[in-house]
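Both counts, for ligands and for their atoms, begin at 1 and track the order of listing.
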Amino acid sequence: MNISVFYFLAFLLCGMFIECDSWPVSNYNFVVREAPFRRLCKAKKILTVNGEFPGPTLYVHRGDTIYVNIYNQGKDNITIHWHGVKQPRNPWSDGPEYITQCPIQPGKVQVQKVIFSTEEGTLWWHAHSDWSRATVHGAIVVYPKLGTSYPFAQPYQEVPIILGEWWKTDVRKVLKEALLKGGNPRTSDAFTINGQPGDLYNCSKRGTFKLNVEHDRTYLLRVVNAAMNHILFIAISRHNLTAVGADGSYIKPFTKEYMVIGPGQALDCLLHANQELGRYYMAASAYSTGVHVEFDKTTTTAILQYSGSYPKNVAPLLPYLPSFTNTTAAFDVLGQFRSLASQDHPIFPPTNYLRTKLLFVISINAFPCLNNLCQGPNGTKLAASMNNISFAYPNVDLLQAYYYKTSEALLGESIPSNPTVVYNYTADYQDLSSELTRKGTSVKFLEYNSDVEIVFQGTSLVAGMDHPMHLHGYSFYVVGWGFGNFDTEKDPPAYNLVDPPLLNTVVVPKDGWTAVRFRADNPGVWFLHCHIERHQTWGMDTALIVMDGNQDEAKMLPPPPYMPPC
Ligand SMILES: *[C@@H]1O[C@H](CO)[C@@H](O)[C@H](O)[C@H]1NC(C)=O
Ligand SMILES: *[C@@H]1O[C@H](CO)[C@@H](O)[C@H](O)[C@H]1NC(C)=O
Ligand SMILES: *[C@@H]1O[C@H](CO)[C@@H](O)[C@H](O)[C@H]1NC(C)=O
Ligand SMILES: *[C@@H]1O[C@H](CO)[C@@H](O)[C@H](O)[C@H]1NC(C)=O
Ligand SMILES: *[C@@H]1O[C@H](CO)[C@@H](O)[C@H](O)[C@H]1NC(C)=O
Ligand SMILES: *[C@@H]1O[C@H](CO)[C@@H](O)[C@H](O)[C@H]1NC(C)=O
Ligand SMILES: *[C@@H]1O[C@H](CO)[C@@H](O)[C@H](O)[C@H]1NC(C)=O
Ligand SMILES: [Cu+2]
């Protein structure tokens, strides 16, 4: 189908099924289709939106509502998720497959109404079906409301910097092979900056992303980590970065020579082009702490180049990046985030009298495997869990099961509020039998407007590592974190309730814990999961079902006229 026919269909759909007040002003058309891309000396077809990699950047203002017409011209099931967009009362457009919707099957169209509310800064969108988000993703820029401005001087220019991960092999094959063999998926062959691996890889020099700057100007880099399985360090040689926003809310500025960003996170950084005219590398490489866990050890680069005259044949300098396993270096950044907590940007962290306190133990696990033939440790099959339940995707979506009360059995299993077995989660030695877990489609019901605390507790089972935990439908205040086991007596008194950062994805440190709080004021079914893709695949997931309140404004919106069927 050509694009004009598609527009026409989308228009019809819009006219028939949804309010079209804002159409076509803030309407976007996403055509999901395969397109050929050449990277690392090898061409392959990848799934894209509109043939672009990374996909198109969406530009909105705070509080906007947009419609996105998604037309699946590919061969795979697909869904699109608006990462960090809270979508008040509207889980219908959230996107994770088999959680809030059934996938859009090849040849089918879905119109998603995306409701922005209090987000301001950088967010992103990505596919939320199998591993298609590897190439199906893009940035979302949320400007302040007209008539208001940034809490920092207007930058001269703004540039999305999207970090990605590239396999020479088809990513569908990578997933399939990993599931079949039960081990770690093969590591990626490259990281990318705005779709390009950069000079340090073979056949990549020509496409290297260039950031052109004028001397003495300030640039706002809207950095998104869209990589699948890696937390990344990023830096620009001789230049500092000043973080001013994270996950669509502002933070107190802090300046470092490198930044760290977990998959799923977005970081707004100011860059002052104050160095000698010349060319400088921007570089990113992995932060990975799992003992004996393979990871991609390559470095992706882009080039910051000043305008003006200077010898252009001098090789740019590489910046300092901390070593792969340097947790101190990583948390020097990740532990620095603070909300503005000012009159213009107030915060509302739940303080006392929490209705619901949850302790979710997040772990890597292992299933026994017939004849020990799997590729996990000692022939086991790798898994992951939350409170020892390894999430199993249903084959109809949880939201419809909940809303229409159809498959109520599906929602029968509640994830326990606390681990059923208490052990030394972060001990150096773990009994092998505690690595086992079991499968289940577990959910947690929450009362409307209840104040909720979730403590994520990491473990050293199989291989402890950092986990970027992401909650849909909400941003949460990160009130505390630490190493070792969470202590219910000693740790809460040290919480930061003054200026905790408001994030949608938080990196829980290896062998440590993180406490987050939020008010459950957004009714719906909201996925909660690790944003390291393989951990999500293995089951480090659950869904929070926030029930309707009594008032009409406290209830989920009715479903749109068309949702893809299963
Ligand atoms: C580049 O190609 C050479 C020769 O094929 C190979 O040995 C080397 O590992 C490649 N480098 C990278 C970064 O892929
Ligand atoms: C970068 O920041 C450090 C301290 O945060 C400072 O000492 C250094 O001069 C800064 N470098 C540049 C190029 O601004
Ligand atoms: C970790 O990184 C920090 C900050 O860059 C550095 O000071 C420290 O020496 C590094 N530690 C190791 C073990 O490399
Ligand atoms: C694998 O087996 C060896 C030898 O039996 C044991 O020492 C080790 O702890 C096992 N590792 C895991 C992760 O099961
Ligand atoms: C848990 O294990 C860690 C690491 O081995 C150890 O330092 C700590 O003392 C243990 N805690 C308890 C309560 O046994
Ligand atoms: C987790 O569940 C499995 C299967 O029911 C069980 O064998 C294992 O002991 C449990 N582990 C913990 C730490 O509760
Ligand atoms: C695509 O989605 C439909 C509806 O849920 C499902 O029946 C089908 O198995 C899916 N196809 C693949 C290849 O996963
Ligand atoms: Cu994880």
Geometric N/O contact N395 with ligand 7, under 3.5 angstrom: no
C566/Q400 under side-chain contact (heavy atoms from CB on, under 4.5 Å): CA gap, chis, key distance, verdict: CA-CA 11 Å; C566 269; Q400 294 200 50; over 6 Å; no
Atom nearest to the Cu ion (ligand 8) - H535, N, O or S atoms considered: ND1
For T426, the ligand 5 atoms whose distance to one of its heavy atoms is below 4.0 Å: 4 (C)
Value rounded to 0.5 Å, distance of CG in D511 from CD in Q457: 9.0 Å
Structural part of D428 in contact with ligand 5, heavy atom criterion under 4.0 angstrom: both
4.0 Å protein heavy-atom contact status of atom 2 (O) of ligand 7, strictly under: yes
Atom indices of ligand 7, in the order listed, that fall short of 4.0 Å to a heavy atom of Y98: 2 (O), 3 (C), 4 (C), 5 (O), 6 (C)
Heavy-atom side-chain proximity of F476 to I454 below 4.5 angstrom: no
Closest approach of any protein heavy atom to atom 4 (C) of ligand 7, naming residue and atom: Q105 NE2, 3.1 Å
Residue, atom name and distance, where the atom is the protein heavy atom closest to atom 14 (O) of ligand 7: N77 ND2, 3.5 Å
From L528 atom CG to I362 atom CD1, the distance as rounded to the nearest 0.5 Å: 9.0 Å
Stacked cation flag K297 on F295, 6.0 angstrom / 45 deg: yes
Proximal atoms of ligand 7 relative to P103 (non-hydrogen, under 4.0 Å): 2 (O), 5 (O)
K173 charged N/C atom sitting above W167 aromatic ring, 6.0 Å / 45°: no
Residue N424 vicinity, atoms of ligand 5 by number, heavy atom under 4.0 Å: 1 (C), 2 (O), 3 (C), 8 (C), 10 (C), 11 (N), 12 (C), 14 (O)
Atom 7 (O) of ligand 7 protein-contacted (non-hydrogen atom, under 4.0 angstrom): no
Flag for T505-H83: side-chain donor and acceptor within less than 3.5 Å: yes
Numbered atoms and elements of ligand 5 in range of A427, under 4.0 angstrom, heavy atoms: 2 (O), 4 (C), 5 (O)
Identified side-chain hydrogen bond (donor to acceptor under 3.5 Å, both in side chains) partner of N485 from the options T459, N424, D491: N424
Nearest heavy-atom neighbours spanning S434 and N365: O-ND2, 4.4 Å
Name of whichever N/O/S atom of H467 is nearest to the Cu ion (ligand 8): ND1
